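Only this structure's heavy atoms are used, side chains among them; waters, hydrogens and symmetry mates stay out. Whatever order the structure lists ligands and atoms in, that order sets their numbers, starting from 1. The shown structure was predicted, so the numbers you read here are calculated from the model rather than taken from an experiment.
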Amino acid sequence: MENFIFQNPVKIIFGKDTISKIQKEIPQDARVLMIYGGGSIKRNGVYDAVQKALTNHKLFEFGGIEPNPEFSTCMKAVELIKQENIDFLLAVGGGSVLDATKFISASSKFEGDPYDILEKRSPIRKALPLGTVITLPATGSEMNSGGVITRAEFQTKLVFGSPLLFPKFSVLNPETTYSLPKHQVANGVVDAFVHVMEQYLTYSTNAPVQDRFAESLLLTLIEEGPKNITAGEVNYDARANLMWAATMALNGLISSGVQSDWATHLIGHELTAFHGLDHAVTLAIVLPELLRKTKNKRKEKLLQFGSRVWNINHGTEEERMELTISKTEDFFHSLGIKTKLSEYNISPDTIDRIVERFDSRGMKAIGGLQDISLVDLKDILNACI
Ligand code: NZQ
Ligand code: ZN
(Lines give C-alpha, C1' and ligand atoms only; values in the text may rest on other atoms or scores of the structure.)
(Ligands and ions follow the chains in the order given, each with its own letter.)
Protein backbone atom coordinates (compact mmCIF):
# COMPACT_ATOMS: atom_id res chain seq x y z
CA MET A 1 0.00 0.00 0.00
CA GLU A 2 1.23 3.52 -0.72
CA ASN A 3 1.53 6.23 1.93
CA PHE A 4 -1.50 8.44 2.32
CA ILE A 5 -3.20 11.14 4.37
CA PHE A 6 -6.95 10.84 4.56
CA GLN A 7 -9.08 13.66 5.95
CA ASN A 8 -12.66 14.26 4.99
CA PRO A 9 -14.32 16.93 7.12
CA VAL A 10 -17.79 16.95 5.50
CA LYS A 11 -20.67 16.50 7.92
CA ILE A 12 -23.26 14.24 6.28
CA ILE A 13 -26.90 14.69 7.25
CA PHE A 14 -28.67 11.72 5.71
CA GLY A 15 -32.30 10.70 5.45
CA LYS A 16 -35.92 11.79 5.32
CA ASP A 17 -37.01 15.28 6.44
CA THR A 18 -33.44 16.48 6.88
CA ILE A 19 -33.48 19.80 5.02
CA SER A 20 -34.85 21.59 8.10
CA LYS A 21 -31.58 20.77 9.88
CA ILE A 22 -29.55 23.22 7.78
CA GLN A 23 -30.91 26.01 9.96
CA LYS A 24 -28.53 24.98 12.74
CA GLU A 25 -25.59 24.36 10.41
CA ILE A 26 -25.33 27.88 9.00
CA PRO A 27 -24.18 30.67 11.33
CA GLN A 28 -27.20 32.70 12.43
CA ASP A 29 -25.69 36.03 11.37
CA ALA A 30 -24.52 34.79 7.94
CA ARG A 31 -25.57 36.47 4.70
CA VAL A 32 -26.45 33.36 2.75
CA LEU A 33 -26.57 32.92 -1.03
CA MET A 34 -28.66 29.93 -2.13
CA ILE A 35 -27.43 28.75 -5.53
CA TYR A 36 -29.51 26.47 -7.76
CA GLY A 37 -30.02 25.25 -11.32
CA GLY A 38 -32.73 25.50 -13.94
CA GLY A 39 -35.73 25.13 -11.66
CA SER A 40 -36.14 21.45 -10.74
CA ILE A 41 -36.01 22.42 -7.06
CA LYS A 42 -38.98 24.74 -7.53
CA ARG A 43 -41.06 21.89 -8.93
CA ASN A 44 -40.19 19.21 -6.39
CA GLY A 45 -40.60 21.17 -3.16
CA VAL A 46 -36.90 21.38 -2.27
CA TYR A 47 -36.77 25.16 -2.85
CA ASP A 48 -39.67 25.68 -0.44
CA ALA A 49 -38.14 23.38 2.17
CA VAL A 50 -34.87 25.35 2.08
CA GLN A 51 -36.67 28.70 2.26
CA LYS A 52 -38.66 27.46 5.25
CA ALA A 53 -35.57 26.18 7.04
CA LEU A 54 -33.82 29.53 6.61
CA THR A 55 -36.68 31.91 7.44
CA ASN A 56 -34.58 33.43 10.21
CA HIS A 57 -31.49 33.89 8.06
CA LYS A 58 -30.65 36.73 5.69
CA LEU A 59 -31.16 34.80 2.45
CA PHE A 60 -30.32 35.76 -1.15
CA GLU A 61 -30.66 33.54 -4.20
CA PHE A 62 -28.99 32.88 -7.54
CA GLY A 63 -30.61 30.47 -10.00
CA GLY A 64 -29.76 29.35 -13.53
CA ILE A 65 -26.66 27.19 -13.12
CA GLU A 66 -26.60 24.95 -16.19
CA PRO A 67 -25.79 21.24 -16.42
CA ASN A 68 -22.03 21.27 -17.12
CA PRO A 69 -21.85 24.60 -15.30
CA GLU A 70 -20.68 27.56 -17.30
CA PHE A 71 -17.85 29.86 -16.24
CA SER A 72 -19.65 33.07 -17.24
CA THR A 73 -22.72 32.16 -15.16
CA CYS A 74 -20.48 31.57 -12.15
CA MET A 75 -18.95 35.02 -12.67
CA LYS A 76 -22.41 36.60 -12.42
CA ALA A 77 -22.87 34.95 -9.03
CA VAL A 78 -19.46 36.30 -7.95
CA GLU A 79 -20.66 39.83 -8.79
CA LEU A 80 -23.76 39.37 -6.64
CA ILE A 81 -21.64 38.05 -3.75
CA LYS A 82 -19.45 41.15 -3.85
CA GLN A 83 -22.43 43.47 -4.14
CA GLU A 84 -24.32 41.92 -1.21
CA ASN A 85 -21.37 40.98 1.03
CA ILE A 86 -22.39 37.33 1.04
CA ASP A 87 -20.43 35.19 3.48
CA PHE A 88 -21.98 31.71 3.18
CA LEU A 89 -23.01 29.74 0.07
CA LEU A 90 -25.67 27.06 -0.05
CA ALA A 91 -25.74 24.84 -3.16
CA VAL A 92 -29.09 23.17 -3.81
CA GLY A 93 -29.23 20.76 -6.76
CA GLY A 94 -27.17 18.23 -8.70
CA GLY A 95 -23.42 17.96 -9.17
CA SER A 96 -23.38 20.90 -11.56
CA VAL A 97 -24.85 23.26 -8.97
CA LEU A 98 -22.46 21.97 -6.32
CA ASP A 99 -19.42 22.28 -8.58
CA ALA A 100 -20.45 25.77 -9.65
CA THR A 101 -20.88 26.78 -6.01
CA LYS A 102 -17.39 25.55 -5.19
CA PHE A 103 -15.98 27.50 -8.12
CA ILE A 104 -17.94 30.60 -7.14
CA SER A 105 -16.65 30.22 -3.58
CA ALA A 106 -13.03 30.17 -4.74
CA SER A 107 -13.50 32.82 -7.45
CA SER A 108 -15.09 35.34 -5.13
CA LYS A 109 -11.88 35.41 -3.07
CA PHE A 110 -9.44 35.03 -5.98
CA GLU A 111 -7.09 37.85 -6.95
CA GLY A 112 -6.79 37.94 -10.74
CA ASP A 113 -8.76 36.14 -13.45
CA PRO A 114 -10.57 33.13 -11.94
CA TYR A 115 -10.16 31.27 -15.23
CA ASP A 116 -6.53 30.80 -14.15
CA ILE A 117 -7.83 28.42 -11.46
CA LEU A 118 -8.93 26.15 -14.30
CA GLU A 119 -6.47 26.77 -17.09
CA LYS A 120 -3.28 27.37 -15.12
CA ARG A 121 -4.29 25.41 -12.04
CA SER A 122 -3.53 28.55 -9.98
CA PRO A 123 -3.72 27.69 -6.27
CA ILE A 124 -6.85 28.51 -4.31
CA ARG A 125 -5.77 30.26 -1.12
CA LYS A 126 -9.12 31.54 0.17
CA ALA A 127 -12.72 30.49 -0.27
CA LEU A 128 -16.17 31.25 1.12
CA PRO A 129 -17.66 28.51 3.31
CA LEU A 130 -20.37 26.44 1.66
CA GLY A 131 -22.98 23.79 2.43
CA THR A 132 -24.99 21.61 0.06
CA VAL A 133 -28.35 19.94 -0.43
CA ILE A 134 -27.74 17.35 -3.15
CA THR A 135 -30.67 16.25 -5.31
CA LEU A 136 -28.95 13.90 -7.80
CA PRO A 137 -26.88 10.91 -6.67
CA ALA A 138 -23.93 10.73 -9.08
CA THR A 139 -20.88 12.91 -8.77
CA GLY A 140 -19.90 12.65 -5.10
CA SER A 141 -19.41 16.43 -5.18
CA GLU A 142 -21.33 16.61 -1.87
CA MET A 143 -18.42 14.97 -0.05
CA ASN A 144 -15.35 15.98 -2.01
CA SER A 145 -13.42 19.15 -2.67
CA GLY A 146 -13.31 19.21 -6.45
CA GLY A 147 -15.39 20.27 -9.41
CA VAL A 148 -15.52 20.72 -13.16
CA ILE A 149 -16.34 23.95 -15.03
CA THR A 150 -17.16 24.44 -18.70
CA ARG A 151 -16.31 27.52 -20.74
CA ALA A 152 -18.38 27.30 -23.89
CA GLU A 153 -16.59 30.09 -25.78
CA PHE A 154 -13.31 28.11 -25.56
CA GLN A 155 -14.99 24.66 -25.71
CA THR A 156 -13.18 23.68 -22.51
CA LYS A 157 -14.25 21.60 -19.53
CA LEU A 158 -11.60 21.71 -16.82
CA VAL A 159 -11.20 20.44 -13.26
CA PHE A 160 -10.23 22.32 -10.11
CA GLY A 161 -10.04 21.53 -6.43
CA SER A 162 -8.79 22.56 -3.01
CA PRO A 163 -9.25 21.28 0.54
CA LEU A 164 -10.82 24.72 1.21
CA LEU A 165 -13.76 23.64 -0.95
CA PHE A 166 -15.01 20.72 1.10
CA PRO A 167 -18.63 21.52 2.02
CA LYS A 168 -19.14 22.24 5.73
CA PHE A 169 -22.15 19.96 5.56
CA SER A 170 -24.20 18.10 2.98
CA VAL A 171 -27.83 17.08 3.25
CA LEU A 172 -28.56 13.77 1.51
CA ASN A 173 -32.30 13.25 1.49
CA PRO A 174 -33.16 10.45 -0.96
CA GLU A 175 -36.71 11.80 -1.26
CA THR A 176 -35.38 14.91 -3.05
CA THR A 177 -34.36 12.62 -5.93
CA TYR A 178 -37.84 11.18 -6.59
CA SER A 179 -38.52 13.81 -9.25
CA LEU A 180 -35.47 12.83 -11.32
CA PRO A 181 -36.14 11.59 -14.86
CA LYS A 182 -35.05 7.95 -15.22
CA HIS A 183 -32.22 8.77 -17.61
CA GLN A 184 -30.66 11.07 -15.00
CA VAL A 185 -30.84 8.28 -12.42
CA ALA A 186 -29.14 5.97 -14.93
CA ASN A 187 -26.47 8.62 -15.51
CA GLY A 188 -25.91 8.72 -11.77
CA VAL A 189 -25.42 4.96 -11.51
CA VAL A 190 -22.90 4.98 -14.37
CA ASP A 191 -20.99 8.02 -13.06
CA ALA A 192 -20.63 6.49 -9.59
CA PHE A 193 -19.66 3.12 -11.12
CA VAL A 194 -16.93 4.68 -13.23
CA HIS A 195 -15.67 6.73 -10.27
CA VAL A 196 -15.02 3.49 -8.45
CA MET A 197 -13.39 1.97 -11.54
CA GLU A 198 -11.02 4.93 -11.93
CA GLN A 199 -9.68 4.27 -8.44
CA TYR A 200 -9.85 0.46 -8.46
CA LEU A 201 -9.22 -0.89 -11.95
CA THR A 202 -5.57 0.10 -12.08
CA TYR A 203 -2.49 -1.70 -10.74
CA SER A 204 -2.45 -3.76 -7.61
CA THR A 205 -0.86 -2.08 -4.59
CA ASN A 206 -1.76 -4.90 -2.22
CA ALA A 207 -4.54 -2.92 -0.56
CA PRO A 208 -7.32 -5.44 0.14
CA VAL A 209 -9.35 -3.06 2.33
CA GLN A 210 -9.60 -0.50 -0.48
CA ASP A 211 -10.23 -3.24 -3.06
CA ARG A 212 -13.08 -4.76 -1.11
CA PHE A 213 -14.63 -1.36 -0.31
CA ALA A 214 -14.51 -0.64 -4.04
CA GLU A 215 -16.01 -4.03 -4.95
CA SER A 216 -18.81 -3.55 -2.40
CA LEU A 217 -19.70 -0.25 -4.05
CA LEU A 218 -19.66 -1.80 -7.54
CA LEU A 219 -21.84 -4.70 -6.41
CA THR A 220 -24.23 -2.33 -4.66
CA LEU A 221 -24.54 -0.20 -7.81
CA ILE A 222 -25.18 -3.32 -9.91
CA GLU A 223 -27.88 -4.54 -7.50
CA GLU A 224 -29.51 -1.29 -6.49
CA GLY A 225 -29.04 0.73 -9.69
CA PRO A 226 -31.62 -1.12 -11.81
CA LYS A 227 -34.19 -1.10 -8.97
CA ASN A 228 -34.14 2.69 -9.26
CA ILE A 229 -34.74 2.68 -12.98
CA THR A 230 -36.96 -0.23 -13.94
CA ALA A 231 -39.27 -0.52 -10.91
CA GLY A 232 -42.58 1.29 -11.31
CA GLU A 233 -42.79 3.02 -7.94
CA VAL A 234 -39.88 4.80 -6.34
CA ASN A 235 -38.41 2.67 -3.60
CA TYR A 236 -36.94 4.71 -0.71
CA ASP A 237 -34.38 2.09 0.30
CA ALA A 238 -33.14 1.56 -3.23
CA ARG A 239 -32.78 5.32 -3.67
CA ALA A 240 -31.04 5.68 -0.29
CA ASN A 241 -28.57 2.91 -1.15
CA LEU A 242 -27.81 4.48 -4.50
CA MET A 243 -27.32 7.88 -2.92
CA TRP A 244 -24.90 6.63 -0.27
CA ALA A 245 -22.98 4.50 -2.78
CA ALA A 246 -22.52 7.51 -5.07
CA THR A 247 -21.25 9.62 -2.18
CA MET A 248 -18.85 6.94 -0.95
CA ALA A 249 -17.57 6.36 -4.48
CA LEU A 250 -15.77 9.69 -4.58
CA ASN A 251 -14.98 11.00 -1.12
CA GLY A 252 -11.31 10.06 -0.99
CA LEU A 253 -11.72 6.84 0.97
CA ILE A 254 -11.21 4.19 -1.72
CA SER A 255 -8.43 6.14 -3.44
CA SER A 256 -6.30 6.33 -0.29
CA GLY A 257 -3.11 4.32 -0.62
CA VAL A 258 -3.83 3.06 -4.14
CA GLN A 259 -3.07 4.06 -7.75
CA SER A 260 -5.84 6.14 -9.33
CA ASP A 261 -6.30 6.71 -13.03
CA TRP A 262 -9.03 9.18 -14.20
CA ALA A 263 -8.12 8.72 -17.89
CA THR A 264 -11.74 7.82 -18.76
CA HIS A 265 -12.89 11.09 -17.18
CA LEU A 266 -10.22 13.19 -18.90
CA ILE A 267 -11.22 11.83 -22.30
CA GLY A 268 -14.93 12.03 -21.45
CA HIS A 269 -14.65 15.72 -20.50
CA GLU A 270 -13.40 16.48 -24.02
CA LEU A 271 -16.41 14.70 -25.53
CA THR A 272 -18.69 16.88 -23.41
CA ALA A 273 -16.70 20.03 -24.24
CA PHE A 274 -16.96 19.40 -28.01
CA HIS A 275 -20.36 17.70 -28.26
CA GLY A 276 -22.33 18.50 -25.09
CA LEU A 277 -22.84 14.83 -24.23
CA ASP A 278 -24.00 14.07 -20.67
CA HIS A 279 -21.01 13.40 -18.43
CA ALA A 280 -22.00 9.80 -17.60
CA VAL A 281 -22.69 9.00 -21.25
CA THR A 282 -19.11 9.92 -22.17
CA LEU A 283 -17.82 7.56 -19.48
CA ALA A 284 -19.98 4.68 -20.69
CA ILE A 285 -18.58 5.20 -24.19
CA VAL A 286 -14.92 5.46 -23.23
CA LEU A 287 -14.46 2.96 -20.38
CA PRO A 288 -15.04 -0.35 -22.23
CA GLU A 289 -12.64 0.49 -25.06
CA LEU A 290 -10.10 1.97 -22.67
CA LEU A 291 -10.12 -1.31 -20.73
CA ARG A 292 -9.77 -3.33 -23.94
CA LYS A 293 -6.75 -1.25 -24.94
CA THR A 294 -5.02 -1.42 -21.54
CA LYS A 295 -6.12 -4.90 -20.46
CA ASN A 296 -2.69 -6.49 -20.51
CA LYS A 297 -1.18 -3.75 -18.35
CA ARG A 298 -4.10 -4.00 -15.89
CA LYS A 299 -4.56 -7.76 -16.14
CA GLU A 300 -4.37 -8.60 -12.43
CA LYS A 301 -7.07 -6.14 -11.43
CA LEU A 302 -9.25 -6.86 -14.43
CA LEU A 303 -9.30 -10.58 -13.63
CA GLN A 304 -10.02 -9.81 -9.96
CA PHE A 305 -12.86 -7.48 -10.95
CA GLY A 306 -14.27 -10.15 -13.26
CA SER A 307 -14.13 -12.81 -10.59
CA ARG A 308 -15.34 -10.87 -7.56
CA VAL A 309 -17.89 -8.58 -9.21
CA TRP A 310 -19.13 -10.51 -12.26
CA ASN A 311 -18.39 -14.02 -11.02
CA ILE A 312 -16.29 -14.86 -14.08
CA ASN A 313 -13.98 -17.69 -13.10
CA HIS A 314 -13.66 -19.98 -16.11
CA GLY A 315 -11.86 -19.77 -19.42
CA THR A 316 -8.48 -18.44 -20.50
CA GLU A 317 -7.27 -15.10 -19.14
CA GLU A 318 -8.01 -13.56 -22.52
CA GLU A 319 -11.58 -14.90 -22.51
CA ARG A 320 -12.21 -13.83 -18.92
CA MET A 321 -10.95 -10.30 -19.55
CA GLU A 322 -13.14 -9.87 -22.65
CA LEU A 323 -16.19 -11.28 -20.88
CA THR A 324 -15.60 -8.95 -17.92
CA ILE A 325 -15.45 -5.91 -20.20
CA SER A 326 -18.53 -6.94 -22.18
CA LYS A 327 -20.50 -7.60 -18.97
CA THR A 328 -19.63 -4.08 -17.85
CA GLU A 329 -20.75 -2.64 -21.19
CA ASP A 330 -23.96 -4.72 -21.04
CA PHE A 331 -24.64 -3.26 -17.61
CA PHE A 332 -24.52 0.26 -19.08
CA HIS A 333 -26.85 -0.88 -21.89
CA SER A 334 -29.25 -2.42 -19.35
CA LEU A 335 -29.60 1.05 -17.81
CA GLY A 336 -30.60 2.45 -21.20
CA ILE A 337 -27.26 4.08 -22.04
CA LYS A 338 -25.76 3.64 -25.51
CA THR A 339 -22.01 3.19 -25.67
CA LYS A 340 -20.95 4.17 -29.18
CA LEU A 341 -20.22 7.67 -30.52
CA SER A 342 -22.09 6.96 -33.76
CA GLU A 343 -25.25 6.30 -31.72
CA TYR A 344 -25.03 9.96 -30.66
CA ASN A 345 -24.36 11.10 -34.25
CA ILE A 346 -20.74 11.95 -33.54
CA SER A 347 -18.49 11.45 -36.54
CA PRO A 348 -14.87 10.21 -36.54
CA ASP A 349 -13.41 13.69 -37.25
CA THR A 350 -13.74 14.44 -33.54
CA ILE A 351 -10.93 11.97 -32.83
CA ASP A 352 -8.08 14.08 -34.22
CA ARG A 353 -9.40 17.19 -32.49
CA ILE A 354 -9.34 15.44 -29.13
CA VAL A 355 -5.88 13.95 -29.68
CA GLU A 356 -4.56 17.36 -30.81
CA ARG A 357 -5.99 18.99 -27.74
CA PHE A 358 -4.09 16.70 -25.36
CA ASP A 359 -1.00 17.19 -27.49
CA SER A 360 -1.33 20.98 -27.36
CA ARG A 361 -1.46 20.76 -23.58
CA GLY A 362 1.90 19.03 -23.66
CA MET A 363 0.44 15.71 -22.52
CA LYS A 364 2.23 12.72 -23.99
CA ALA A 365 0.28 10.19 -21.93
CA ILE A 366 -3.10 10.34 -20.22
CA GLY A 367 -4.25 9.56 -16.72
CA GLY A 368 -2.65 8.79 -13.38
CA LEU A 369 -1.09 5.59 -14.66
CA GLN A 370 0.39 7.29 -17.73
CA ASP A 371 -0.23 4.05 -19.63
CA ILE A 372 -2.22 5.57 -22.50
CA SER A 373 -0.10 7.30 -25.13
CA LEU A 374 -1.68 9.64 -27.66
CA VAL A 375 -1.45 6.82 -30.23
CA ASP A 376 -3.36 4.58 -27.81
CA LEU A 377 -5.88 7.38 -27.30
CA LYS A 378 -6.53 7.49 -31.04
CA ASP A 379 -7.05 3.71 -31.11
CA ILE A 380 -9.43 3.90 -28.14
CA LEU A 381 -11.51 6.65 -29.73
CA ASN A 382 -11.58 4.84 -33.08
CA ALA A 383 -12.93 1.77 -31.30
CA CYS A 384 -15.60 3.97 -29.65
CA ILE A 385 -17.09 4.98 -33.02
O1 NZQ B 1 -30.85 22.43 -13.31
P2 NZQ B 1 -32.00 21.73 -12.70
O3 NZQ B 1 -33.30 22.30 -13.04
O4 NZQ B 1 -31.82 21.52 -11.22
O5 NZQ B 1 -32.06 20.25 -13.38
C6 NZQ B 1 -31.04 19.30 -13.28
C7 NZQ B 1 -30.27 19.12 -14.60
O8 NZQ B 1 -31.07 19.45 -15.69
C9 NZQ B 1 -31.68 17.96 -13.10
N10 NZQ B 1 -31.95 17.60 -11.70
C11 NZQ B 1 -31.10 17.59 -10.65
N12 NZQ B 1 -31.72 17.13 -9.56
C13 NZQ B 1 -33.01 16.88 -9.92
C14 NZQ B 1 -33.16 17.19 -11.28
N15 NZQ B 1 -34.32 17.03 -11.94
C16 NZQ B 1 -35.38 16.57 -11.24
N17 NZQ B 1 -35.30 16.24 -9.93
C18 NZQ B 1 -34.15 16.39 -9.24
N19 NZQ B 1 -34.07 15.99 -7.96
O20 NZQ B 1 -30.75 17.02 -13.63
C21 NZQ B 1 -30.03 17.64 -14.69
C22 NZQ B 1 -28.56 17.27 -14.56
O23 NZQ B 1 -28.03 17.83 -13.38
P24 NZQ B 1 -26.45 17.92 -13.16
O25 NZQ B 1 -26.22 18.57 -11.85
O26 NZQ B 1 -25.80 18.50 -14.36
O27 NZQ B 1 -26.03 16.38 -13.13
P28 NZQ B 1 -24.90 15.65 -12.31
O29 NZQ B 1 -25.20 15.60 -10.86
O30 NZQ B 1 -24.70 14.37 -13.01
O31 NZQ B 1 -23.61 16.57 -12.47
C32 NZQ B 1 -22.84 16.56 -13.63
C33 NZQ B 1 -21.67 17.51 -13.50
O34 NZQ B 1 -20.79 17.10 -12.44
C35 NZQ B 1 -19.46 16.99 -12.93
C36 NZQ B 1 -19.69 16.60 -14.37
O37 NZQ B 1 -18.53 16.79 -15.16
C38 NZQ B 1 -20.83 17.51 -14.77
O39 NZQ B 1 -20.36 18.80 -15.07
N40 NZQ B 1 -18.70 16.05 -12.11
C41 NZQ B 1 -18.32 16.46 -10.89
C42 NZQ B 1 -17.52 15.68 -10.06
C43 NZQ B 1 -17.09 16.13 -8.73
N44 NZQ B 1 -17.40 17.34 -8.32
O45 NZQ B 1 -16.43 15.41 -8.01
C46 NZQ B 1 -17.05 14.37 -10.48
C47 NZQ B 1 -17.74 13.83 -11.67
O48 NZQ B 1 -16.87 12.94 -12.31
C49 NZQ B 1 -18.20 14.83 -12.67
O50 NZQ B 1 -17.13 15.15 -13.55
ZN1 ZN C 1 -17.74 11.39 -13.11
Side-chain angles (χ1 to χ4, degrees), residues 10 19 34-47 49 63-71 73-74 91-103 130 132-152 156-162 165-167 170-199 228 234 239 242-243 246-247 249-252 255 260-273 276-284 286-287:
V10 184
I19 292 178
M34 171 187 187
I35 299 176
Y36 57 93
S40 69
I41 64 163
K42 292 204 167 156
R43 295 186 289 276
N44 63 11
V46 172
Y47 177 90
I65 302 291
E66 316 77 358
N68 304 313
E70 169 59 36
F71 176 82
T73 310
C74 294
V92 187
S96 293
V97 170
L98 272 57
D99 284 9
T101 302
K102 290 174 181 173
F103 190 66
L130 63 108
T132 88
V133 176
I134 180 85
T135 63
L136 198 171
T139 59
S141 189
E142 62 278 13
M143 203 175 172
N144 67 42
S145 57
V148 197
I149 295 294
T150 293
R151 190 160 185 180
T156 56
K157 183 171 180 185
L158 297 169
V159 298
F160 67 99
S162 159
L165 300 177
F166 276 115
S170 282
V171 172
L172 279 63
N173 177 345
E175 292 173 316
T176 64
T177 72
Y178 287 3
S179 52
L180 278 168
K182 289 283 158 71
H183 78 275
Q184 289 294 359
V185 181
N187 280 349
V189 175
V190 171
D191 194 20
F193 192 95
V194 180
H195 291 163
V196 179
M197 293 291 277
E198 298 270 27
Q199 301 161 88
N228 282 287
V234 193
R239 203 48 72 90
L242 170 58
M243 200 166 207
T247 303
L250 193 46
N251 66 0
S255 62
S260 290
D261 186 12
W262 299 106
T264 301
H265 271 69
L266 286 175
I267 302 167
H269 288 167
E270 298 306 323
L271 288 170
T272 302
L277 288 180
D278 284 358
H279 171 62
V281 165
T282 69
L283 307 177
V286 175
L287 182 75

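- Atom numbering of ligand 1 starts at 1 in the shown order; those under 4.0 Å from a heavy atom of Lys157 are 36 (C), 37 (O), 38 (C), 39 (O).
- Taking the Zn ion (ligand 2) as reference, the nearest N/O/S atom within His279 carries the name NE2.
- Distances shorter than 4.0 angstrom occur between a heavy atom of Gly147 and an atom of ligand 1.
- For ligand 1, the atoms closer than 4.0 angstrom to any heavy atom of Asn144 are 43 (C), 44 (N), 45 (O).
- The protein atom (non-hydrogen) at minimum distance from atom 1 (O) of ligand 1 is Gly38 N, 2.7 Å.
- In plain terms, the two heavy atoms of Leu136 and Gly94 that are nearest each other are CB-CA, 3.9 Å.
- Taking a cut-off of under 4.0 Å to the non-hydrogen atoms of Gly37, the atoms of ligand 1 that pass are 1 (O).
- Counting only heavy atoms of the protein, atom 12 (N) of ligand 1 lies nearest to Thr135 OG1, 2.8 Å.
- Ring geometry for Phe103 versus Phe71: interplanar angle of 30 to 60°, hence tilted.
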Original post:
side chain to side chain contact (heavy atoms under 4.5 Å, CB included) between Leu250 and Met143: does it pass, once the steps are laid out?
Top reply: CA-CA 7 Å; Leu250 193 46; Met143 203 175 172; over 6 Å; no

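- Summary of contacts: the protein heavy atom closest to atom 15 (N) of ligand 1 is Ser40 CB, 3.5 Å.
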Original post:
What's the verdict on side chain to side chain contact (heavy atoms under 4.5 Å, CB included) for Val189 and Leu242, showing C-alpha distance, side-chain angles and the deciding distance?
Top reply: CA-CA 7 Å; Val189 175; Leu242 170 58; 3.8 Å; yes

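- Between His195 and Trp262, the angle of the ring planes lies from 30° to 60°, which puts this pair in the tilted group.
- Shortest contact from atom 21 (C) of ligand 1 to any protein heavy atom: Gln184 NE2, 3.4 Å.
- Here Asn44 has side-chain heavy atoms under 4.0 Å from ligand 1, and that is the only part of it that gets that close.
- Heavy-atom minimum distance, Thr282 versus Thr272: CG2-OG1, 3.3 Å.
- Per-residue contacts place Gly95 under 4.0 angstrom from the following atoms of ligand 1 (heavy atoms of the residue considered): 25 (O), 28 (P), 29 (O), 31 (O).
- Under a 3.5 Å cut-off, the side chain of Asp278 and the backbone N or O of Ala280 do not form any donor-acceptor pair.
- The residue from Ala246, Ser145, Ser96 that puts a heavy atom closest to atom 25 (O) of ligand 1 is Ser96.
- Across every non-hydrogen atom of Leu165 and Leu130, the tightest pair is O-CD2, 4.2 Å.
- On a distance-only criterion, Gly39 and ligand 1 share at least one N/O pair closer than 3.5 Å.
- Considering every non-hydrogen atom in both Pro69 and Ala100, the closest pair reads CB-CB, 3.8 Å.
- Near Pro69, with a cut-off below 4.0 Å to any heavy atom, the atoms of ligand 1 are 39 (O).
- Nearest non-hydrogen protein atom to atom 49 (C) of ligand 1 is His279 NE2, 3.3 Å.
- Residues Lys102 and Ser141 form a side-chain contact, since some pair of their non-hydrogen atoms from C-beta on lies under 4.5 Å apart.
- The distance criterion of under 3.5 Å between nitrogen or oxygen atoms is not met by Arg43 with respect to ligand 1.
- Taking 4.0 Å as the cut-off, Ala280 does not count as a neighbour of ligand 1 on heavy-atom distance.
- Contact atoms of ligand 1 toward Asp191: 47 (C), 48 (O) (distance under 4.0 Å to a heavy atom of the residue).
- Looking at atom 38 (C) of ligand 1, its nearest protein heavy atom turns out to be Asn68 OD1, 3.5 Å.
- Ligand 1 has Gly146 within reach: a non-hydrogen atom of the residue lies less than 4.0 Å from it.
- Contact record, Ala138 with Gly188: CB-CA, 3.5 Å, taken as the closest heavy-atom pair.
- Side-chain contact annotation: Thr132 with Ser170, donor-acceptor N/O pair under 3.5 Å present.
- Between the side chains of Thr247 and Glu142, a donor-acceptor pair is found at a separation under 3.5 Å.
- Looking only at heavy atoms of the protein, atom 42 (C) of ligand 1 is closest to Thr139 CB, 3.8 Å.
- Numbered from 1 in the order shown, with element, the atoms of ligand 1 that lie under 4.0 Å from a heavy atom of Gly94 read 25 (O), 29 (O).
- Under 4.0 angstrom from ligand 1, the non-hydrogen atoms of Thr176 all belong to its backbone.
- The atom of Asp191 that is an N, O or S and sits closest to the Zn ion (ligand 2) is OD1.
- The shortest N or O to N or O distance between Pro67 and ligand 1 is not under 3.5 Å.
- The nearest protein atom to atom 16 (C) of ligand 1, hydrogens excluded, is given as Ser179 O, 3.4 Å; this is a heavy-atom distance.
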Subject >> From CA spacing to verdict: side chain to side chain contact (heavy atoms under 4.5 Å, CB included), Asp191, Leu283 >> reply: CA-CA 7 Å; Asp191 194 20; Leu283 307 177; 3.2 Å; yes

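- The shortest non-hydrogen separation linking Gly146 to Asp99 is O-OD1, 3.7 Å.
- Within the set Ile149, Thr177, Asn251, Leu136, the minimum heavy-atom distance to atom 20 (O) of ligand 1 is found for Leu136.
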**OP:** In sequence, state the C-alpha distance, the side-chain angles, and the governing distance for Asn187 and His279, and then conclude on side chain to side chain contact (heavy atoms under 4.5 Å, CB included).
**Re:** CA-CA 8 Å; Asn187 280 349; His279 171 62; over 6 Å; no

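- The residue from Ile41, Val194, Asp99, Val97 that puts a heavy atom closest to atom 44 (N) of ligand 1 is Asp99.
- Each of the atoms 45 (O), 46 (C) of ligand 1 lies under 4.0 Å from some heavy atom of Leu250.
- Under the 4.5 Å side-chain criterion, counting only non-hydrogen atoms from C-beta, Thr177 is not in contact with Val185.
- For His269, the heavy-atom gap to ligand 1 drops under 4.0 angstrom.
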